[in-house]
Amino acid sequence: QVQLVESGGDSVQSGGSLRLSCVAFGYTDSIACMGWFRQAPGKDREGVATIDRDGLTTYADDVKGRFTISQDDVKKELYLQMSSLEPEDTAMYYCAATYTSWRCRTGEYNYWGQGTQVTVSS
């Protein structure tokens, strides 16, 4: 099992930047991939960015060029560097992980953090 704790959410103005962090506790050695997801009020949860154990990354189209996902294998931390933030980025951001490679492809992650709120004002 793995436990995930996010931090770094804040309120910023449009055009600003934030860096989200997610610390993984527990059995982390066999994690196949991790990702950042977000859910805005009244909307479905959506994938933002993912990274696998080899460092391969994927991004949602609307964050490409603005967000960067990265990981520190020593610290067992996942990051999401967000820049050029827009009001449409306002959401609760969740860190997620899975031990299973096929779940990386389908986005069906098993383990989730509690979330960290990002609010972008115009």
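Source: prediction; values computed, not measured.
- Between Y93 and F67, the ring planes lie tilted relative to each other; the angle falls in the 30° to 60° range.
- Linking Ile, Leu, Val, Met, Phe, Trp and Tyr residues whenever their side-chain heavy atoms come within less than 4.5 Å leaves F37 and L78 in two separate clusters.
- Between E46 atom CD and D44 atom CG the span is 9.0 Å, to the nearest 0.5 Å.
- Contact check for L18 versus V118: side-chain heavy atoms found under the 4.5 Å cut-off.
- Two residues are said to be in side-chain contact when any heavy atoms from C-beta on lie closer than 4.5 Å; S17 and Q81 meet this criterion.
- Side-chain atoms of Y99 and I31, non-hydrogen and from C-beta on, do get closer than 4.5 Å to each other.
- Aromatic ring orientation, W112 versus Y94: perpendicular (interplanar angle above 60°, classes split at 30° and 60°).
- Salt bridge present: D62 and R38 bring a charged side-chain N and a carboxylate O closer than 4.0 Å.
- M82 and Y79 fall into different hydrophobic clusters, where Ile, Leu, Val, Met, Phe, Trp and Tyr residues are linked whenever their side-chain heavy atoms come under 4.5 Å apart, directly or through other members.
- In this structure, the side chains of D29 and K76 come closer than 4.5 Å at one or more pairs of heavy atoms.
- Remark: D89 engages R66 in a salt bridge, criterion side-chain N to carboxylate O under 4.0 Å.
- At a threshold of 4.5 Å between non-hydrogen side-chain atoms, the residues Q117 and T90 count as touching.
- At a threshold of 4.5 Å between non-hydrogen side-chain atoms, the residues Q3 and Y111 do not count as touching.
- When side chains are defined from C-beta on, Y109 counts as touching T50, because their heavy atoms get closer than 4.5 Å.
- Between I51 and C33 the shortest side-chain heavy-atom distance does not fall below 4.5 Å.
- A continuous path of ILVMFWY side-chain contacts below 4.5 Å connects M34 to Y27, so both sit in one hydrophobic cluster.
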